[in-house]
Amino acid sequence: MPNLQDILGNVKVNRILGAADAVVTALAIDSRKVTPGTAFFALKGSQVDGHQFIPKAVEFGASVVLCENLPPDIAEGVTYVLVTDSSYAAGVIAAAFYNNPSGRMKVVGVTGTNGKTTVATLLFNTFKELGYTCGLISTVRNLIDDKALSATHTTPDAISVQSLLAQMADAGCSHVFMEVSSHAVHQNRIAGIQFTGGIFTNITHDHLDYHNTFDEYIRVKKKFFDDLPATAFALTNADDKRGLVMLQNTVASRNAYSLKIPATFKGKVLENNLTGLVMILDNHEAHFRLIGTFNAYNLSAVYGAAVLLGEDKLSILAVLSNLQGAAGRFETFMSANEKVLGIVDYAHTPDALINVLATINQLRTKGQQLITVIGCGGDRDKSKRPVMAEVASEHSDKAIFTSDNPRSEDAEQILNDMESGLTAPQKRKVLRISDRREAIKTACALAQPEDIVLVAGKGHETYQEIKGVRHSFDDREVLKEAFELLNK
């Protein structure tokens, strides 16, 4: 087992009280997980300050406590390490504790409001098909080659992510593709990771309940690229108005993808319909099974990153042409008899919803009715609720407002917030059904043959959180159940 001096690495230490060579058997940021010999990190969170749990960690046997402020009571036999930023220290020390796993692989991070999961998943599947052993860290699931692990956060905490990377390195992974959320950047969950590359998809209205302002949200996203090393590549969406901003201060190699302007990787959509995309990508024509302009951007990002990682261009396109997207991202289902097309998508921001609806409206034929089922999460940014409602009602023939994950809030009040900005004509297109299962069933019952039902907001999620309790709920399964009723 390493001792403290072995794993302090580049962490700026202000003061050490106790034995600098204390043996460290494990790491923890949750005092309940402390066992004898553990180094406990007291993190200052947005809701809870971990410093208040130092006595509990000591009681459970912590040999080392890393903190920004010393506790009033100093326990005998415990080493206290005073640092400026304990969240940053957690990442760097965890990397050293697990023998720097990211340095043994090529790790590519994907950040942006929309598209992170699809891009990371497509990269994972592409490199698997190209013959590599890979790792995936995503909102939907974490994968070590074919071994699936549950995912509770877009980006795990700093200790968990280093442990996961170590498992991937030990399993022989050569590449890891991971989503990098704005929360993860701000909270230093990615500290200590040596990135080979970073990808920016886009940035829109999201997480303002956490970041407070849009400028702060942009700044946090940009920090990911500012911190990339000179040995890495940065790949950005040049068609997003803030895409090139991400490259301004990075020392990584600068690259861009675009459907509109000259870029390192230039794409052009030739055909876009419900059977897929035909594109010219980097002067090569290819057919893809994914649907919609937003997926043309995702494919361009994946192609560009794969080229920057040294893969053959034609081999990349051959693999990409056969791949499906990520679970719950424009995932399609068809009822057997009525031929109603169901689409489940994770769109939970105004921009993502506009993209999905615009894609459907562009591709649907005359006479096909579009019915959208949509809700908004509780305990999150309330300002986007009327915007989401307006988008759904304006761009659909019918909209059914329902619950998403109401969490601690009253579902009916969330629906009131959604309806608050609608015009009278928009309201006439809306039904309110707070029970999400009934809302989906109603949408399917209202659909005529060959109509389209979009169920948006939850995508891959397999639960619904109500009053602090997670209930089993999967939009895809409920949609299939509703289609079964149509077929009887």
Side-chain angles (χ1 to χ4, degrees), residues 106-123 126-127 175 177-182 185 190 195-204 206 214-215 217-270 272 277-286 288 290 292-317 319-320 351-352 355:
K106 294 181 178 180
V107 181
V108 177
V110 186
T111 196
T113 307
N114 303 311
K116 295 189 297 294
T117 301
T118 298
V119 170
T121 302
L122 285 173
L123 277 166
T126 297
F127 276 75
H175 296 74
F177 305 102
M178 64 180 292
E179 294 185 52
V180 176
S181 68
S182 57
V185 177
I190 58 172
F195 283 99
T196 303
I199 302 169
F200 173 76
T201 58
N202 51 65
I203 193 163
T204 63
D206 198 17
F214 193 50
D215 285 344
Y217 182 40
I218 294 168
R219 186 193 67 76
V220 170
K221 290 287 190 190
K222 185 175 179 298
K223 184 178 184 299
F224 171 57
F225 295 92
D226 292 348
D227 292 344
L228 288 175
T231 53
F233 68 80
L235 177 62
T236 194
N237 178 358
D239 293 347
D240 186 279
K241 65 180 180 180
R242 295 173 181 85
L244 296 177
V245 170
M246 298 295 152
L247 304 182
Q248 283 179 350
N249 300 320
T250 188
V251 296
S253 68
R254 302 178 184 188
N255 306 271
Y257 60 95
S258 170
L259 301 181
K260 298 177 180 178
I261 62 175
T264 321
F265 304 102
K266 180 71 169 65
K268 181 180 181 181
V269 176
L270 300 180
N272 184 9
L277 285 160
V278 178
M279 292 179 64
I280 293 177
L281 192 48
D282 207 12
N283 295 319
H284 300 286
E285 184 174 326
F288 303 101
L290 301 182
T293 303
F294 61 94
N295 271 322
Y297 281 103
N298 292 334
L299 288 161
S300 299
V302 172
Y303 172 82
V307 171
L308 292 168
L309 286 167
E311 299 306 309
D312 175 72
K313 294 180 178 181
L314 293 180
S315 298
I316 298 165
L317 290 173
V319 170
L320 276 177
D351 187 71
N355 285 342

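Smallest separation of non-hydrogen atoms from I199 and F225: C-CZ, 3.6 Å. Counting all heavy atoms, side chain and backbone alike, A296 lies closest to L277 at N-CD1, 3.7 Å. Residues T196 and K106 approach most closely at OG1-CA, 3.2 Å, considering heavy atoms. Closest non-hydrogen pair, S300 versus L281, comes out as OG-CD1, 3.6 Å. Of all heavy-atom pairs between A305 and L235, the closest is N-CD2, 3.5 Å. Residue K116 comes nearest to E179 through the heavy atom pair CB-OE1, 3.5 Å, listed as atom of the first residue, atom of the second, then distance.
How far OH of Y297 is from OG of S258: 6.0 Å, rounded to the nearest 0.5 Å. Y303 OH to M279 CE: the interatomic distance, rounded to the nearest 0.5 Å, is 10.5 Å. Taking CG of L299 as the reference point, atom CG of L320 lies at 6.0 Å (rounded to 0.5 Å).
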Exercise. Walk me through it: do Y257 and N237 pass the test side-chain contact (heavy atoms from CB on, under 4.5 Å)?
Key: CA-CA 5 Å; Y257 60 95; N237 178 358; 3.4 Å; yes

Exercise. Would you check, one step at a time, whether the test side-chain contact (heavy atoms from CB on, under 4.5 Å) holds for L247 with F200?
Key: CA-CA 10 Å; L247 304 182; F200 173 76; over 6 Å; no

Quiz item: Does the side-chain contact (heavy atoms from CB on, under 4.5 Å) test come out yes or no for F233 and V108, once each step is laid out?
Solution: CA-CA 9 Å; F233 68 80; V108 177; 4.2 Å; yes

Quiz item: Is there a side-chain contact (heavy atoms from CB on, under 4.5 Å) between S182 and T111 once you walk through the steps?
Solution: CA-CA 8 Å; S182 57; T111 196; 5.9 Å; no

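Applying the side-chain hydrogen bond (donor to acceptor under 3.5 Å, both in side chains) rule to N255 yields the partners S253; only residues at least two apart in sequence or on another chain are considered. Qualifying side-chain hydrogen bond (donor to acceptor under 3.5 Å, both in side chains) partners for N298, counting only residues two or more places apart in sequence or in other chains: N295.
K222 is not listed as a side-chain neighbour of R242, based on a closest heavy-atom distance of 4.5 Å or more. Counting only heavy atoms from C-beta outward, the side chains of V185 and D227 never approach each other to under 4.5 Å. Taking the side chain as every heavy atom from C-beta outward, V278 and E285 approach each other to under 4.5 Å. With contacts defined as side-chain heavy-atom distances shorter than 4.5 Å, the pair H175/L123 does not qualify.
Residue D351 forms a side chain to side chain contact (heavy atoms under 4.5 Å, CB included) with just one option from I203, T113, N114, and that option is N114. With D282 as reference, K313 is the one residue of K268, K313, K266 to meet the salt bridge (Lys or Arg N to Asp or Glu O under 4.0 Å) rule.
Taking the six-membered ring for Trp and thresholds of 30 and 60 degrees, F177 and F127 have ring planes inclined between 30 and 60 degrees apart.
Looking only at distances, no side-chain donor or acceptor of N202 sits under 3.5 Å from a matching main-chain atom of D240. Between the side chain of T250 and the main chain of D226, no donor-acceptor pair closer than 3.5 Å is present.
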